[in-house]
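We use all heavy atoms of the structure for the numbers below, so side chains are in, but hydrogens, waters and symmetry mates are not. Values in this document were obtained by computation on a predicted structure and should not be read as measured data. Below, chains carry the letters A, B, ... as their sequence lines are ordered, and counting in each starts from 1.
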Amino acid sequence: MPEGHTVHRLARVITELFRGSAPIASSPQGRFAGGAALISGRMCAGAEAYGKQLFVAFESADPLFMQVHLGLYGSWTFAGDGTVAVSHAIGAPRKRVGEKDTNLPAGVAFPPPPRGQVRVRLLGQHAVADLTGPAVCKVITDAERQAVIARLGPDPIRPDADPRRFFAAIDRRSTPIAVALMDQSVIAGVGNIYRAESLFRAGLDPHTPSRKVAAARVLALWSDLVETMRRGAATGTIVTTHDRDSAGGPFYVYRRQGLPCLVCGNAVRAEELAGRKLYWCPSCQRG
DNA sequence: CCTCTATGATAAA
DNA sequence: TTATCCTAGAGGT
């Protein structure tokens, strides 16, 4: 899935394209027809990301929010009419890791027809945003939005994040640290890549019980996630290798099972843990 | 055609 | 721990 950095980028793009306008919402696929009717034609007040949760605000007597969670393979595709620069596709990782600004080639009618199973289309004067494959897509109230946020741990990308909540949650758990990092109520926005890579960069054994990790190392882990995730949000790409190792690729261990570790040369390992694949280097990660 | 996989999360058993 | 949901692409038959 798109991890938290992607969702923050999406919030920024959607805000840039639609804040202060009243896009027409529709559900070409049909599965969000009711929700689209609730928000269509309402003034958009912008979008905000909290971990992997995306909220798009619409003005109303009581404000309405479109809550979107991309799940494993949701994605947004954007197109402009040539008067605005838009990021073309953000979300599911398969085709593209980065993004590029593309507008429709001259001569192609705006808006372009929806491609694939488009759950929601937001259509503005100069830009269109199509959402496909979300795990969650619904219209909620402000109270409901706040309830969703209340269940999340601090988000390292957000300036208002309180790391003490992360430290306390880590201290409370006996599950492996690798499992705790994937728990969105412990820390919001971390997914399988940032989990594997941050544990490598910290030299931590992923199986160490959460509460056994020394406080100084938990602090370092948080700081490192702040750095790498904010960079991911800024660039649109996850790169966790330090400059000296970056010739080996963007990752130290993620999807590198069986390959030599970029630092020590020993084979990177993988195993199934709590339903997700965990990657680590047994010799670099002993802490 | 089929099966598998994927940066996710939840409900049921 | 397994099943299930969401979608698209890659690979095999």
Side-chain angles (χ1 to χ4, degrees), chain A residues 1-11 27-33 35 49-54 66-77 88-99 114-121 129-138 147-153 155-157 175-176 178-201 206 225 228-241 249-258 270-280:
Chain A
M1 147 187 180
E3 303 190 20
H5 69 299
T6 300
V7 185
H8 279 266
R9 290 178 70 77
L10 285 165
S27 181
Q29 171 207 55
R31 299 185 52 174
F32 188 63
Y50 207 121
K52 298 170 190 173
Q53 302 282 350
L54 176 71
M66 180 168 69
Q67 179 197 359
V68 175
H69 191 298
L70 293 176
L72 252 186
Y73 37 73
S75 75
W76 286 88
T77 302
H88 175 63
I90 308 181
R94 45 206 57 68
K95 270 178 93 169
R96 48 191 308 121
V97 175
E99 309 130 29
R115 306 255 287 199
Q117 296 289 310
V118 175
R119 186 79 59 86
V120 191
R121 161 165 282 201
D130 286 342
L131 171 65
T132 59
V136 174
C137 177
K138 56 183 177 181
V148 171
I149 293 171
R151 277 185 253 115
L152 298 172
D155 174 351
I157 297 177
T175 57
V179 172
L181 283 181
M182 293 285 278
D183 182 338
Q184 300 299 298
S185 70
V186 171
I187 182 169
V190 172
N192 208 13
I193 300 181
Y194 280 119
R195 154 269 308 244
E197 295 294 305
S198 64
L199 289 172
F200 178 91
R201 286 164 60 101
L225 282 164
T228 57
M229 292 180 73
R230 287 185 185 175
R231 190 167 64 232
T235 62
T237 310
I238 304 180
V239 176
T240 52
T241 41
F251 310 133
Y252 282 109
V253 291
Y254 177 73
R255 286 189 111 192
R256 297 196 72 247
Q257 71 269 38
E271 74 179 15
E272 195 91 2
L273 180 63
R276 303 301 297 279
K277 217 158 200 175
L278 169 71
Y279 305 88
W280 84 107

S.K.: Rounded to whole Å, how long is the line connecting atom CG of A:Leu152 with atom C1' of B:dA9?
M.R.: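 Answer to the nearest Å: 12 Å.
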S.K.: Hey, does the side chain of A:Gln117 reach the backbone of A:Gly133 with a donor-acceptor pair shorter than 3.5 angstrom?
M.R.: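 No.
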S.K.: Round to a whole Å and report the spacing from CG of A:Leu181 to P of B:dA9.
M.R.: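 So the two atoms are 13 Å apart, to the nearest Å.
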S.K.: Quick one: A:Gln257 CD to B:dT5 P, roughly how many Å, whole number?
M.R.: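 The answer, rounded to whole Å, is 11 Å.
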S.K.: Distance check, P atoms only: B:dT10 and C:dA8, in whole angstrom units.
M.R.: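 The same atom, P, in both gives a distance of 23 Å.
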S.K.: So, is A:Gln184 near the phosphate of B:dG8, with a side-chain N or O under 4.0 Å from OP1 or OP2?
M.R.: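 A:Gln184 to B:dG8 OP1/OP2: no side-chain N or O under 4.0 Å.
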S.K.: NA contact type, A:Glu272, heavy-atom cut-off 4.0 Å: base, sugar-phosphate, or nothing?
M.R.: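 Contact class for A:Glu272: none.
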S.K.: Kindly determine whether A:Leu273 and A:Val179 satisfy side-chain contact (heavy atoms from CB on, under 4.5 Å), including the steps that lead there.
M.R.: CA-CA 8 Å; A:Leu273 180 63; A:Val179 172; 3.8 Å; yes
S.K.: How far, in whole Å, is B:dT3 from C:dA3 if one measures between their P atoms?
M.R.: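 Here C:dA3 and B:dT3 have their P atoms 16 Å from each other.
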S.K.: Between atom CE in A:Met182 and atom P in B:dA6, what is the gap in whole Å?
M.R.: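 So the two atoms are 12 Å apart, to the nearest Å.
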S.K.: Just to verify, what does A:Phe200 make a ring pair (Phe, Tyr, Trp, His ring centres under 6.0 Å) with, not counting sequence neighbours?
M.R.: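 So A:Phe200 forms a ring pair (Phe, Tyr, Trp, His ring centres under 6.0 Å) with A:Tyr252.
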S.K.: Expressed in angstrom and rounded to an integer, what is the separation of A:Leu72 atom CG from B:dT10 atom C1'?
M.R.: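 That distance rounds to 13 Å.
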S.K.: Looking only at the side chain of A:Arg31 (C-beta and beyond, no hydrogens), which of the listed nucleotides B:dA6, C:dT7, B:dA9 gets closest?
M.R.: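 For the A:Arg31 side chain, the nearest candidate turns out to be C:dT7.
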S.K.: So does A:Arg119 get a side-chain nitrogen or oxygen closer than 4.0 Å to the phosphate oxygens (OP1/OP2) of C:dT7?
M.R.: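 Checking C:dT7 against A:Arg119, a side-chain N or O does come within under 4.0 Å of OP1 or OP2.
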S.K.: Between A:His69 and B:dG8, does any side-chain N or O lie under 4.0 Å from OP1 or OP2?
M.R.: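 No, outside the criterion.
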S.K.: Expressed in whole Å, how much space separates the P atoms belonging to C:dT13 and B:dT5?
M.R.: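 Taking atom P in both C:dT13 and B:dT5, they lie 15 Å apart.
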S.K.: Within this structure, what is the CG-to-P distance between A:Asn192 and B:dA9, rounded to whole angstrom?
M.R.: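 Roughly 10 Å, once rounded to whole Å.
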S.K.: Which whole-number value in Å describes the distance from A:Lys138 NZ to B:dT10 C1'?
M.R.: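 Going from NZ in A:Lys138 over to C1' in B:dT10 covers 12 Å.
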S.K.: What contact category does A:Gly116 fall into here, base, sugar-phosphate, or nothing, at under 4.0 angstrom with non-hydrogen atoms?
M.R.: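 Result for A:Gly116 = sugar-phosphate.
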S.K.: For B:dA9 and C:dG9, measure between their C1' atoms and round to the nearest Å.
M.R.: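 Nearest-Å result for B:dA9 against C:dG9 at atom C1': 22 Å.
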S.K.: Which of the following nucleotides, B:dG8, C:dT7, B:dA6, is nearest to the side chain of A:Arg276?
M.R.: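 The answer is B:dG8, which lies nearest to the side chain.
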S.K.: Atom NZ of A:Lys277 and atom OH of A:Tyr254: how far apart are they, to the nearest 0.5 Å?
M.R.: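 Rounded to the nearest 0.5 Å, the NZ-OH separation comes to 9.5 Å.
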S.K.: Let me know the distance between CD1 of A:Ile238 and C1' of B:dA6, rounded to the nearest Å.
M.R.: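 The distance from CD1 of A:Ile238 to C1' of B:dA6 comes to 13 Å, rounded to the nearest Å.
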S.K.: Determine yes or no for a side-chain-to-main-chain donor-acceptor pair under 3.5 angstrom, with A:Arg195 supplying the side chain and A:Ala178 the backbone.
M.R.: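 Here the side-chain-to-backbone pair exists.
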S.K.: What pairs with A:Asp130 under salt bridge (charged side-chain N to carboxylate O under 4.0 Å, His left out), at least two apart in sequence or on another chain?
M.R.: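 A:Asp130 satisfies salt bridge (charged side-chain N to carboxylate O under 4.0 Å, His left out) with A:Arg121 once adjacent residues are dropped.
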S.K.: Categorize A:Arg255 for me: base, sugar-phosphate, or nothing, with a 4.0 angstrom heavy-atom threshold over every strand shown.
M.R.: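 Sugar-phosphate: the residue A:Arg255, judged by heavy atoms under 4.0 Å, touches backbone atoms but no base.
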S.K.: With respect to the side chain of A:Thr132, which nucleotide from B:dA9, C:dA8, B:dA6 is positioned closest?
M.R.: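 Of B:dA9, C:dA8, B:dA6, C:dA8 is nearest to the side chain of A:Thr132.
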S.K.: Closest to the A:Tyr279 side chain: B:dG8, C:dT7, B:dA6?
M.R.: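 So the side chain of A:Tyr279 is nearest to B:dA6.
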